[in-house]
*Asks:* 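Sharing a structure with you now.
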Number of protein chains: 2
Amino acid sequence: MPRHVDREERRHHVADALLRIIEREGLEAVSVRTVSAEAGCSVGAVQRYFRSKDEMLRFALETAITRAAGRMAEIRLGPGLMSFPDALRAAVVEYLPLDDGRLAESRIWAAFSARAVVDPTFRAVITGLDRPARDQLARVFAYAESVGELPAGHDHEALACLVIALMDGLMWSLLLRPAPEERSVHLAAVDAAVRSLTATVGRRAGGGAEPAP
Amino acid sequence: MPRHVDREERRHHVADALLRIIEREGLEAVSVRTVSAEAGCSVGAVQRYFRSKDEMLRFALETAITRAAGRMAEIRLGPGLMSFPDALRAAVVEYLPLDDGRLAESRIWAAFSARAVVDPTFRAVITGLDRPARDQLARVFAYAESVGELPAGHDHEALACLVIALMDGLMWSLLLRPAPEERSVHLAAVDAAVRSLTATVGRRAGGGAEPAP
DNA sequence: TCGTATTCGATACACCCGTATTCCTACGTG
DNA sequence: CACGTAGGAATACGGGTGTATCGAATACGA
(Lines give C-alpha, C1' and ligand atoms only; values in the text may rest on other atoms or scores of the structure.)
Protein backbone atom coordinates (compact mmCIF):
# COMPACT_ATOMS: atom_id res chain seq x y z
CA MET A 1 0.00 0.00 0.00
CA PRO A 2 1.40 3.34 -1.00
CA ARG A 3 1.07 6.49 0.92
CA HIS A 4 -2.06 6.86 2.89
CA VAL A 5 -3.65 9.83 4.59
CA ASP A 6 -5.85 10.21 7.62
CA ARG A 7 -9.26 9.77 6.06
CA GLU A 8 -11.20 11.10 9.01
CA GLU A 9 -9.01 14.14 9.25
CA ARG A 10 -9.56 14.92 5.57
CA ARG A 11 -13.28 14.47 5.85
CA HIS A 12 -13.37 16.93 8.69
CA HIS A 13 -11.22 19.32 6.74
CA VAL A 14 -13.76 19.30 3.92
CA ALA A 15 -16.70 19.45 6.32
CA ASP A 16 -15.16 22.48 8.00
CA ALA A 17 -14.89 24.23 4.66
CA LEU A 18 -18.53 23.40 3.98
CA LEU A 19 -19.63 24.77 7.34
CA ARG A 20 -17.65 27.96 6.77
CA ILE A 21 -19.54 28.48 3.51
CA ILE A 22 -22.89 27.90 5.19
CA GLU A 23 -21.95 30.30 7.93
CA ARG A 24 -20.86 32.95 5.44
CA GLU A 25 -23.31 32.58 2.54
CA GLY A 26 -25.91 30.04 3.53
CA LEU A 27 -26.74 26.53 2.41
CA GLU A 28 -27.63 27.61 -1.12
CA ALA A 29 -24.02 28.60 -1.72
CA VAL A 30 -22.81 25.09 -0.97
CA SER A 31 -21.75 23.21 -4.08
CA VAL A 32 -19.07 20.64 -4.65
CA ARG A 33 -17.03 23.28 -6.42
CA THR A 34 -17.36 26.03 -3.81
CA VAL A 35 -16.56 23.56 -1.04
CA SER A 36 -13.48 22.20 -2.77
CA ALA A 37 -12.28 25.73 -3.45
CA GLU A 38 -12.80 26.69 0.20
CA ALA A 39 -11.01 23.54 1.30
CA GLY A 40 -8.15 24.37 -1.04
CA CYS A 41 -8.32 21.23 -3.11
CA SER A 42 -9.89 19.91 -6.27
CA VAL A 43 -13.33 18.55 -6.92
CA GLY A 44 -11.88 15.09 -7.35
CA ALA A 45 -10.34 15.23 -3.90
CA VAL A 46 -13.62 15.88 -2.09
CA GLN A 47 -15.24 13.26 -4.27
CA ARG A 48 -12.74 10.71 -2.96
CA TYR A 49 -13.94 11.31 0.61
CA PHE A 50 -17.65 11.74 0.02
CA ARG A 51 -19.57 9.59 -2.41
CA SER A 52 -22.11 12.36 -3.00
CA LYS A 53 -22.94 15.89 -2.03
CA ASP A 54 -25.71 14.58 0.17
CA GLU A 55 -23.34 12.41 2.17
CA MET A 56 -21.05 15.39 2.56
CA LEU A 57 -23.90 17.52 3.89
CA ARG A 58 -24.99 14.83 6.32
CA PHE A 59 -21.46 14.44 7.62
CA ALA A 60 -21.12 18.19 8.04
CA LEU A 61 -24.42 18.34 9.90
CA GLU A 62 -23.33 15.57 12.23
CA THR A 63 -20.04 17.32 12.80
CA ALA A 64 -21.81 20.56 13.66
CA ILE A 65 -24.24 18.78 15.96
CA THR A 66 -21.49 16.90 17.75
CA ARG A 67 -19.66 20.13 18.46
CA ALA A 68 -22.75 21.98 19.63
CA ALA A 69 -23.77 19.04 21.79
CA GLY A 70 -20.33 18.97 23.31
CA ARG A 71 -20.59 22.60 24.25
CA MET A 72 -24.07 22.18 25.68
CA ALA A 73 -22.98 19.15 27.67
CA GLU A 74 -20.51 21.32 29.53
CA ILE A 75 -23.32 23.32 31.00
CA ARG A 76 -24.12 22.01 34.42
CA LEU A 77 -27.72 22.62 35.24
CA GLY A 78 -27.79 20.23 38.15
CA PRO A 79 -26.57 20.95 41.66
CA GLY A 80 -23.78 23.45 41.29
CA LEU A 81 -22.45 26.75 42.39
CA MET A 82 -25.32 28.84 41.07
CA SER A 83 -28.90 29.07 42.15
CA PHE A 84 -31.34 27.39 39.81
CA PRO A 85 -32.60 30.60 38.19
CA ASP A 86 -29.06 31.76 37.56
CA ALA A 87 -28.06 28.41 36.12
CA LEU A 88 -31.11 28.37 33.84
CA ARG A 89 -30.40 31.88 32.66
CA ALA A 90 -26.77 31.01 32.05
CA ALA A 91 -27.75 27.97 30.02
CA VAL A 92 -30.13 29.95 27.82
CA VAL A 93 -27.65 32.77 27.32
CA GLU A 94 -24.96 30.25 26.47
CA TYR A 95 -27.15 29.04 23.62
CA LEU A 96 -27.60 32.46 22.03
CA PRO A 97 -25.45 33.89 19.23
CA LEU A 98 -23.76 36.57 21.31
CA ASP A 99 -20.18 36.04 20.20
CA ASP A 100 -18.61 35.12 16.89
CA GLY A 101 -18.29 31.45 17.67
CA ARG A 102 -21.89 30.97 18.67
CA LEU A 103 -23.03 33.24 15.86
CA ALA A 104 -21.35 30.90 13.39
CA GLU A 105 -22.89 27.84 15.01
CA SER A 106 -26.30 29.45 15.06
CA ARG A 107 -26.19 30.37 11.39
CA ILE A 108 -25.26 26.80 10.57
CA TRP A 109 -27.97 25.46 12.82
CA ALA A 110 -30.53 27.79 11.27
CA ALA A 111 -29.63 26.75 7.76
CA PHE A 112 -29.96 23.06 8.55
CA SER A 113 -33.21 23.66 10.42
CA ALA A 114 -34.75 25.33 7.41
CA ARG A 115 -33.72 22.45 5.19
CA ALA A 116 -35.07 19.97 7.70
CA VAL A 117 -38.53 21.47 7.29
CA VAL A 118 -38.70 20.02 3.79
CA ASP A 119 -36.16 17.19 4.01
CA PRO A 120 -37.09 14.18 6.14
CA THR A 121 -33.49 12.96 6.40
CA PHE A 122 -32.27 16.15 8.04
CA ARG A 123 -35.44 16.37 10.07
CA ALA A 124 -34.77 12.94 11.53
CA VAL A 125 -31.29 13.98 12.62
CA ILE A 126 -32.55 17.15 14.25
CA THR A 127 -35.55 15.67 16.00
CA GLY A 128 -33.44 12.74 17.13
CA LEU A 129 -31.43 15.31 19.02
CA ASP A 130 -34.52 16.87 20.54
CA ARG A 131 -35.89 13.99 22.53
CA PRO A 132 -32.91 13.51 24.86
CA ALA A 133 -32.53 17.28 25.24
CA ARG A 134 -36.15 17.64 26.29
CA ASP A 135 -35.95 14.69 28.65
CA GLN A 136 -32.80 15.95 30.28
CA LEU A 137 -34.25 19.40 30.71
CA ALA A 138 -37.41 17.92 32.17
CA ARG A 139 -35.31 15.98 34.68
CA VAL A 140 -33.51 19.16 35.61
CA PHE A 141 -36.83 20.84 36.29
CA ALA A 142 -37.96 17.87 38.34
CA TYR A 143 -34.79 18.06 40.37
CA ALA A 144 -35.13 21.81 40.84
CA GLU A 145 -38.67 21.32 42.04
CA SER A 146 -37.61 18.55 44.41
CA VAL A 147 -35.11 20.81 46.12
CA GLY A 148 -37.53 23.69 46.25
CA GLU A 149 -35.92 25.91 43.64
CA LEU A 150 -38.84 25.65 41.25
CA PRO A 151 -42.48 26.04 42.28
CA ALA A 152 -44.44 22.81 42.20
CA GLY A 153 -47.31 22.11 39.87
CA HIS A 154 -45.57 22.54 36.54
CA ASP A 155 -45.67 20.04 33.71
CA HIS A 156 -41.96 19.48 33.35
CA GLU A 157 -42.10 18.20 29.79
CA ALA A 158 -44.10 21.24 28.73
CA LEU A 159 -41.63 23.43 30.55
CA ALA A 160 -38.73 21.78 28.73
CA CYS A 161 -40.50 22.21 25.40
CA LEU A 162 -41.13 25.83 26.30
CA VAL A 163 -37.55 26.60 27.23
CA ILE A 164 -36.13 24.90 24.14
CA ALA A 165 -38.56 26.79 21.91
CA LEU A 166 -37.66 30.00 23.66
CA MET A 167 -33.96 29.43 23.10
CA ASP A 168 -34.56 28.69 19.44
CA GLY A 169 -36.83 31.69 19.03
CA LEU A 170 -34.35 34.04 20.64
CA MET A 171 -31.60 32.57 18.51
CA TRP A 172 -33.56 33.27 15.31
CA SER A 173 -34.46 36.71 16.55
CA LEU A 174 -30.82 37.59 17.11
CA LEU A 175 -29.77 36.10 13.78
CA LEU A 176 -32.29 38.27 11.99
CA ARG A 177 -31.54 41.39 14.07
CA PRO A 178 -27.77 41.69 14.27
CA ALA A 179 -27.89 45.24 15.60
CA PRO A 180 -25.86 45.41 18.83
CA GLU A 181 -28.63 47.18 20.72
CA GLU A 182 -30.79 44.09 20.31
CA ARG A 183 -28.54 42.19 22.70
CA SER A 184 -29.74 43.98 25.78
CA VAL A 185 -33.39 43.56 24.85
CA HIS A 186 -32.90 39.86 24.36
CA LEU A 187 -30.97 39.50 27.59
CA ALA A 188 -33.78 41.30 29.36
CA ALA A 189 -36.22 38.91 27.72
CA VAL A 190 -34.26 35.93 29.01
CA ASP A 191 -34.25 37.52 32.42
CA ALA A 192 -37.99 38.10 32.38
CA ALA A 193 -38.63 34.54 31.24
CA VAL A 194 -36.42 32.95 33.88
CA ARG A 195 -37.85 35.14 36.62
CA SER A 196 -41.40 34.38 35.58
CA LEU A 197 -40.85 30.65 35.38
CA THR A 198 -39.04 30.33 38.66
CA ALA A 199 -41.21 32.74 40.61
CA THR A 200 -44.57 31.47 39.49
CA VAL A 201 -46.82 29.77 41.96
CA GLY A 202 -47.88 26.89 39.75
CA ARG A 203 -51.55 26.06 39.93
CA ARG A 204 -52.46 23.29 37.51
CA ALA A 205 -50.16 21.29 35.34
CA GLY A 206 -52.60 20.29 32.62
CA GLY A 207 -52.31 21.54 29.07
CA GLY A 208 -55.93 22.48 28.58
CA ALA A 209 -57.27 25.86 27.65
CA GLU A 210 -59.61 26.43 30.53
CA PRO A 211 -59.97 30.10 31.39
CA ALA A 212 -57.85 31.33 34.23
CA PRO A 213 -59.91 32.19 37.30
CA MET B 1 -53.95 49.86 -26.97
CA PRO B 2 -54.67 46.24 -27.65
CA ARG B 3 -55.94 43.70 -25.28
CA HIS B 4 -55.45 44.59 -21.69
CA VAL B 5 -54.69 42.27 -18.76
CA ASP B 6 -54.97 42.86 -15.04
CA ARG B 7 -51.28 43.07 -14.24
CA GLU B 8 -51.67 42.91 -10.49
CA GLU B 9 -53.91 39.89 -10.69
CA ARG B 10 -51.38 38.08 -12.86
CA ARG B 11 -48.55 38.94 -10.55
CA HIS B 12 -50.45 37.51 -7.63
CA HIS B 13 -51.30 34.42 -9.65
CA VAL B 14 -47.59 33.79 -10.22
CA ALA B 15 -46.69 34.68 -6.65
CA ASP B 16 -49.27 32.18 -5.39
CA ALA B 17 -47.69 29.46 -7.49
CA LEU B 18 -44.30 30.38 -6.09
CA LEU B 19 -45.58 30.25 -2.52
CA ARG B 20 -47.16 26.85 -3.15
CA ILE B 21 -43.80 25.53 -4.28
CA ILE B 22 -42.05 26.92 -1.21
CA GLU B 23 -44.70 25.40 1.01
CA ARG B 24 -44.40 22.02 -0.69
CA GLU B 25 -40.69 21.70 -1.50
CA GLY B 26 -38.89 24.67 0.01
CA LEU B 27 -37.16 27.70 -1.39
CA GLU B 28 -34.49 25.68 -3.17
CA ALA B 29 -37.12 24.21 -5.46
CA VAL B 30 -38.14 27.65 -6.71
CA SER B 31 -36.91 28.34 -10.22
CA VAL B 32 -38.42 30.36 -13.01
CA ARG B 33 -39.34 27.12 -14.75
CA THR B 34 -40.92 25.36 -11.77
CA VAL B 35 -42.91 28.47 -10.95
CA SER B 36 -44.20 28.93 -14.47
CA ALA B 37 -45.16 25.27 -14.61
CA GLU B 38 -47.01 25.54 -11.30
CA ALA B 39 -48.73 28.71 -12.50
CA GLY B 40 -49.71 26.91 -15.70
CA CYS B 41 -48.02 29.28 -18.10
CA SER B 42 -44.75 29.69 -19.94
CA VAL B 43 -41.45 31.08 -18.78
CA GLY B 44 -41.96 34.10 -21.00
CA ALA B 45 -45.25 34.91 -19.29
CA VAL B 46 -43.77 35.14 -15.82
CA GLN B 47 -40.86 37.10 -17.25
CA ARG B 48 -43.29 39.69 -18.53
CA TYR B 49 -44.54 40.36 -15.01
CA PHE B 50 -41.28 40.09 -13.11
CA ARG B 51 -38.08 41.56 -14.41
CA SER B 52 -36.02 38.96 -12.52
CA LYS B 53 -36.35 36.00 -10.21
CA ASP B 54 -35.28 38.20 -7.34
CA GLU B 55 -38.11 40.65 -7.93
CA MET B 56 -40.51 37.74 -8.10
CA LEU B 57 -39.28 36.41 -4.76
CA ARG B 58 -39.53 39.82 -3.13
CA PHE B 59 -43.07 40.26 -4.39
CA ALA B 60 -44.04 36.82 -3.13
CA LEU B 61 -42.52 37.58 0.27
CA GLU B 62 -44.45 40.82 0.50
CA THR B 63 -47.63 39.02 -0.51
CA ALA B 64 -47.11 36.40 2.18
CA ILE B 65 -46.32 39.04 4.77
CA THR B 66 -49.36 41.10 3.90
CA ARG B 67 -51.62 38.10 4.33
CA ALA B 68 -50.07 37.00 7.60
CA ALA B 69 -50.20 40.56 8.90
CA GLY B 70 -53.85 40.77 7.95
CA ARG B 71 -54.62 37.65 9.92
CA MET B 72 -52.64 38.83 12.91
CA ALA B 73 -54.37 42.20 12.81
CA GLU B 74 -57.69 40.47 13.37
CA ILE B 75 -56.54 39.30 16.76
CA ARG B 76 -57.81 41.70 19.36
CA LEU B 77 -55.51 41.76 22.31
CA GLY B 78 -56.96 44.92 23.78
CA PRO B 79 -60.10 45.18 25.90
CA GLY B 80 -62.36 42.43 24.72
CA LEU B 81 -64.43 39.49 25.75
CA MET B 82 -61.58 37.42 27.11
CA SER B 83 -59.40 37.92 30.12
CA PHE B 84 -55.89 39.02 29.32
CA PRO B 85 -54.26 35.63 29.88
CA ASP B 86 -56.82 33.96 27.65
CA ALA B 87 -56.39 36.58 24.96
CA LEU B 88 -52.62 36.23 25.08
CA ARG B 89 -52.85 32.48 24.89
CA ALA B 90 -55.27 32.72 21.98
CA ALA B 91 -52.95 35.08 20.12
CA VAL B 92 -49.97 32.78 20.53
CA VAL B 93 -51.94 29.69 19.55
CA GLU B 94 -53.29 31.52 16.54
CA TYR B 95 -49.74 32.01 15.35
CA LEU B 96 -48.80 28.32 15.48
CA PRO B 97 -49.00 25.85 12.58
CA LEU B 98 -51.88 23.82 13.96
CA ASP B 99 -54.01 23.60 10.83
CA ASP B 100 -53.19 23.26 7.15
CA GLY B 101 -53.49 26.96 6.40
CA ARG B 102 -51.19 28.09 9.14
CA LEU B 103 -48.86 25.19 8.44
CA ALA B 104 -48.46 26.46 4.88
CA GLU B 105 -47.87 30.01 6.05
CA SER B 106 -45.36 28.86 8.62
CA ARG B 107 -43.37 26.84 6.12
CA ILE B 108 -43.22 29.87 3.87
CA TRP B 109 -42.26 32.11 6.73
CA ALA B 110 -39.56 29.68 7.83
CA ALA B 111 -38.07 29.48 4.35
CA PHE B 112 -37.86 33.25 4.01
CA SER B 113 -36.46 33.59 7.52
CA ALA B 114 -33.63 31.26 6.72
CA ARG B 115 -32.86 33.18 3.56
CA ALA B 116 -32.99 36.45 5.49
CA VAL B 117 -30.15 35.28 7.71
CA VAL B 118 -27.76 35.57 4.77
CA ASP B 119 -29.62 38.04 2.52
CA PRO B 120 -29.81 41.65 3.75
CA THR B 121 -32.70 42.50 1.41
CA PHE B 122 -34.99 39.87 2.87
CA ARG B 123 -33.70 40.62 6.34
CA ALA B 124 -34.72 44.26 5.96
CA VAL B 125 -38.26 43.25 5.00
CA ILE B 126 -38.60 40.89 7.93
CA THR B 127 -37.09 43.15 10.56
CA GLY B 128 -39.13 46.05 9.23
CA LEU B 129 -42.12 44.00 10.26
CA ASP B 130 -40.72 43.31 13.69
CA ARG B 131 -40.51 46.81 15.08
CA PRO B 132 -44.22 47.65 14.89
CA ALA B 133 -45.16 44.19 16.13
CA ARG B 134 -42.95 44.54 19.16
CA ASP B 135 -44.20 48.05 19.86
CA GLN B 136 -47.82 47.04 19.59
CA LEU B 137 -47.30 44.06 21.86
CA ALA B 138 -45.49 46.26 24.35
CA ARG B 139 -48.44 48.65 24.34
CA VAL B 140 -50.78 45.74 24.96
CA PHE B 141 -48.70 44.71 27.96
CA ALA B 142 -48.71 48.27 29.23
CA TYR B 143 -52.47 48.40 28.89
CA ALA B 144 -52.89 45.04 30.61
CA GLU B 145 -50.72 46.24 33.44
CA SER B 146 -52.69 49.47 33.72
CA VAL B 147 -55.94 47.59 34.20
CA GLY B 148 -54.37 45.18 36.64
CA GLU B 149 -54.35 42.11 34.43
CA LEU B 150 -50.57 41.93 34.32
CA PRO B 151 -48.35 42.26 37.37
CA ALA B 152 -46.39 45.50 37.47
CA GLY B 153 -42.64 45.74 37.26
CA HIS B 154 -42.07 44.09 33.90
CA ASP B 155 -40.06 45.60 31.08
CA HIS B 156 -42.73 45.62 28.41
CA GLU B 157 -40.37 45.74 25.48
CA ALA B 158 -38.47 42.76 26.83
CA LEU B 159 -41.76 40.99 27.38
CA ALA B 160 -42.79 41.67 23.80
CA CYS B 161 -39.46 40.41 22.51
CA LEU B 162 -39.87 37.36 24.68
CA VAL B 163 -43.36 36.53 23.47
CA ILE B 164 -42.46 37.03 19.81
CA ALA B 165 -39.40 34.81 20.20
CA LEU B 166 -41.50 32.23 21.96
CA MET B 167 -44.06 32.20 19.13
CA ASP B 168 -41.31 31.80 16.56
CA GLY B 169 -39.59 29.10 18.55
CA LEU B 170 -42.78 27.12 18.99
CA MET B 171 -43.53 27.55 15.30
CA TRP B 172 -40.15 26.11 14.34
CA SER B 173 -40.53 23.33 16.85
CA LEU B 174 -43.86 22.29 15.37
CA LEU B 175 -42.54 22.55 11.82
CA LEU B 176 -39.70 20.19 12.67
CA ARG B 177 -41.88 17.83 14.72
CA PRO B 178 -45.03 17.19 12.73
CA ALA B 179 -46.11 14.26 14.90
CA PRO B 180 -49.67 14.89 16.14
CA GLU B 181 -48.79 14.12 19.74
CA GLU B 182 -46.48 17.14 19.75
CA ARG B 183 -49.48 19.43 19.58
CA SER B 184 -50.57 18.82 23.14
CA VAL B 185 -47.05 19.31 24.48
CA HIS B 186 -46.76 22.61 22.67
CA LEU B 187 -50.19 23.76 23.81
CA ALA B 188 -49.18 22.89 27.35
CA ALA B 189 -46.02 24.91 26.86
CA VAL B 190 -48.05 27.91 25.72
CA ASP B 191 -50.25 27.47 28.72
CA ALA B 192 -47.31 27.30 31.10
CA ALA B 193 -45.76 30.38 29.54
CA VAL B 194 -48.92 32.46 29.70
CA ARG B 195 -49.65 31.40 33.25
CA SER B 196 -46.11 32.16 34.37
CA LEU B 197 -46.03 35.56 32.73
CA THR B 198 -49.39 36.73 33.96
CA ALA B 199 -49.08 35.28 37.45
CA THR B 200 -45.61 36.51 38.23
CA VAL B 201 -45.09 39.18 40.79
CA GLY B 202 -42.58 41.24 38.91
CA ARG B 203 -39.70 42.54 40.94
CA ARG B 204 -37.17 44.38 38.82
CA ALA B 205 -37.31 45.21 35.17
CA GLY B 206 -33.59 45.44 34.42
CA GLY B 207 -31.73 43.06 32.17
CA GLY B 208 -28.86 42.40 34.52
CA ALA B 209 -27.65 39.06 35.76
CA GLU B 210 -27.73 39.69 39.47
CA PRO B 211 -28.41 36.54 41.46
CA ALA B 212 -31.96 36.00 42.53
CA PRO B 213 -32.42 36.36 46.28
C1' DT C 1 -60.60 45.98 -42.30
C1' DC C 2 -56.19 46.81 -41.48
C1' DG C 3 -52.37 47.78 -38.90
C1' DT C 4 -50.22 47.96 -34.41
C1' DA C 5 -49.27 47.24 -29.85
C1' DT C 6 -49.55 43.73 -26.36
C1' DT C 7 -49.50 39.14 -24.50
C1' DC C 8 -47.07 35.05 -24.24
C1' DG C 9 -44.98 30.75 -25.87
C1' DA C 10 -40.69 28.82 -27.83
C1' DT C 11 -36.15 28.77 -27.93
C1' DA C 12 -31.24 30.28 -27.66
C1' DC C 13 -27.39 31.35 -24.71
C1' DA C 14 -23.94 31.12 -21.34
C1' DC C 15 -23.17 29.38 -17.01
C1' DC C 16 -23.26 26.36 -12.93
C1' DC C 17 -24.64 22.00 -11.08
C1' DG C 18 -23.51 16.91 -9.45
C1' DT C 19 -21.28 13.03 -11.04
C1' DA C 20 -18.25 9.90 -13.79
C1' DT C 21 -14.10 9.20 -16.07
C1' DT C 22 -9.36 9.72 -17.09
C1' DC C 23 -4.74 10.43 -16.27
C1' DC C 24 -0.62 11.92 -13.90
C1' DT C 25 2.04 12.06 -9.65
C1' DA C 26 4.38 10.30 -5.75
C1' DC C 27 5.07 7.35 -2.25
C1' DG C 28 5.53 2.55 0.48
C1' DT C 29 6.94 -1.80 -0.39
C1' DG C 30 9.04 -5.76 -2.77
C1' DC D 1 15.63 0.70 -7.82
C1' DA D 2 11.29 -0.26 -9.84
C1' DC D 3 6.67 -1.42 -9.39
C1' DG D 4 1.90 -0.84 -8.18
C1' DT D 5 -1.38 1.70 -6.10
C1' DA D 6 -3.63 5.53 -3.44
C1' DG D 7 -4.18 10.54 -3.96
C1' DG D 8 -5.65 14.04 -6.37
C1' DA D 9 -6.20 17.11 -10.39
C1' DA D 10 -8.37 17.85 -14.84
C1' DT D 11 -11.95 17.33 -17.57
C1' DA D 12 -16.17 15.44 -19.88
C1' DC D 13 -21.14 14.98 -19.71
C1' DG D 14 -25.96 15.60 -19.30
C1' DG D 15 -29.04 18.52 -17.24
C1' DG D 16 -30.93 22.61 -14.86
C1' DT D 17 -30.35 27.67 -14.07
C1' DG D 18 -31.55 32.80 -15.07
C1' DT D 19 -32.02 35.79 -18.78
C1' DA D 20 -32.51 37.53 -23.67
C1' DT D 21 -34.51 37.24 -28.11
C1' DC D 22 -37.61 36.16 -31.55
C1' DG D 23 -42.34 35.01 -33.52
C1' DA D 24 -46.87 34.05 -33.55
C1' DA D 25 -51.27 34.88 -32.09
C1' DT D 26 -54.85 38.41 -30.46
C1' DA D 27 -57.86 42.39 -29.82
C1' DC D 28 -58.42 47.09 -29.96
C1' DG D 29 -58.39 51.97 -32.54
C1' DA D 30 -58.00 53.83 -37.07
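Reminder, nothing fancy here: chain letters follow the sequence lines and each chain counts from 1. These numbers come from a predicted model, not from an experiment.
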*Asks:* Decide whether a cation-pi geometry holds between B:Arg7 and B:Tyr49; the criteria are a distance under 6.0 Å from NZ or CZ to the six-membered ring centre and an angle within 45° of the ring axis.
*Replies:*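 Cation-pi check for B:Arg7 and B:Tyr49: fails.
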*Asks:* Does anything in residues 158-194 of chain A form a ring pair (Phe, Tyr, Trp, His ring centres under 6.0 Å)? List the pairs, not counting sequence neighbours.
*Replies:*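 Listed by first then second residue: A:Trp172-B:Trp172.
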*Asks:* Which part of the nucleic acid does B:Phe50 contact within heavy-atom distance under 4.0 Å: base, sugar-phosphate only, or nothing?
*Replies:*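 The answer is nothing, as B:Phe50 stays clear of every strand by at least 4.0 Å.
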*Asks:* Would you classify A:Arg10 as touching base, sugar-phosphate or nothing, given that sugar-phosphate means primed atoms plus P, OP1 and OP2, and contacts are heavy atoms under 4.0 Å?
*Replies:*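 Answer is sugar-phosphate: A:Arg10 comes under 4.0 Å of backbone atoms only.
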*Asks:* Hey, is the main chain of B:Ala165 close enough, under 3.5 Å, to the side chain of A:Ser173 for a donor-acceptor pair?
*Replies:*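 No.
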*Asks:* Going by distance alone, is a donor N or O of one side chain under 3.5 Å from an acceptor N or O of the other, for B:Arg67 and B:Thr63?
*Replies:*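 There is no such pair between these side chains.
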*Asks:* Rounded to the nearest 0.5 Å, what separation is found between the SG atom of B:Cys41 and the CD atom of B:Glu38?
*Replies:*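 Answer rounded to 0.5 Å: 10.5 Å.
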*Asks:* Does a sphere of radius 6.0 Å around CG in B:Asp100 hold more than 12 heavy atoms from other residues, nucleotides or ligands, not counting ones at 6.0 Å or beyond?
*Replies:*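 Counting neighbours around CG of B:Asp100, 12 or fewer heavy atoms of other residues, nucleotides or ligands fall under 6.0 Å, so no.
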*Asks:* Cation-pi between A:Arg58 and A:Phe122: NZ/CZ under 6.0 Å from ring centre and within 45° of the ring axis?
*Replies:*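 The answer is no, since A:Arg58 fails at least one limit relative to A:Phe122.
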*Asks:* In whole Å, what is the span from the CG atom of A:Asp6 to the C1' atom of D:dG8?
*Replies:*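 Rounded to the whole Å, the gap is 17 Å.
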*Asks:* Less than 4.0 angstrom from a charged side-chain N to a carboxylate O is my criterion; do B:Arg115 and A:Glu25 meet it?
*Replies:*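 Result for this pair is no, no salt bridge flagged.
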*Asks:* How many whole angstroms separate atom CZ of A:Arg7 from atom C1' of D:dG7?
*Replies:*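 Result: 11 Å.
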*Asks:* Measure all distances between protein nitrogen or oxygen atoms and nitrogen or oxygen atoms of nucleotides 14-18 of chain D, and list the pairs falling under 3.5 Å.
*Replies:*
from   : atom 1 : to      : atom 2 : distance (Å)
D:dT17 : OP1    : B:Ser31 : OG     : 3.4
D:dG18 : OP1    : B:Lys53 : NZ     : 2.7
D:dG18 : OP2    : B:Val32 : N      : 2.8
D:dG18 : N7     : B:Arg33 : NH2    : 2.7
D:dG18 : O6     : B:Arg33 : NH2    : 2.9

*Asks:* Can you tabulate the close N/O pairs, meaning under 3.5 Å, that link protein atoms to atoms of nucleotides 20-24 of chain D?
*Replies:*
from   : atom 1 : to      : atom 2 : distance (Å)
D:dA20 : N7     : B:Gln47 : NE2    : 3.2
D:dA20 : N6     : B:Gln47 : OE1    : 3.1

*Asks:* Does B:Tyr49 make a side-chain N or O approach to OP1 or OP2 of C:dT7 shorter than 4.0 Å?
*Replies:*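 The answer is no; no side-chain N or O of B:Tyr49 sits under 4.0 Å from OP1 or OP2.
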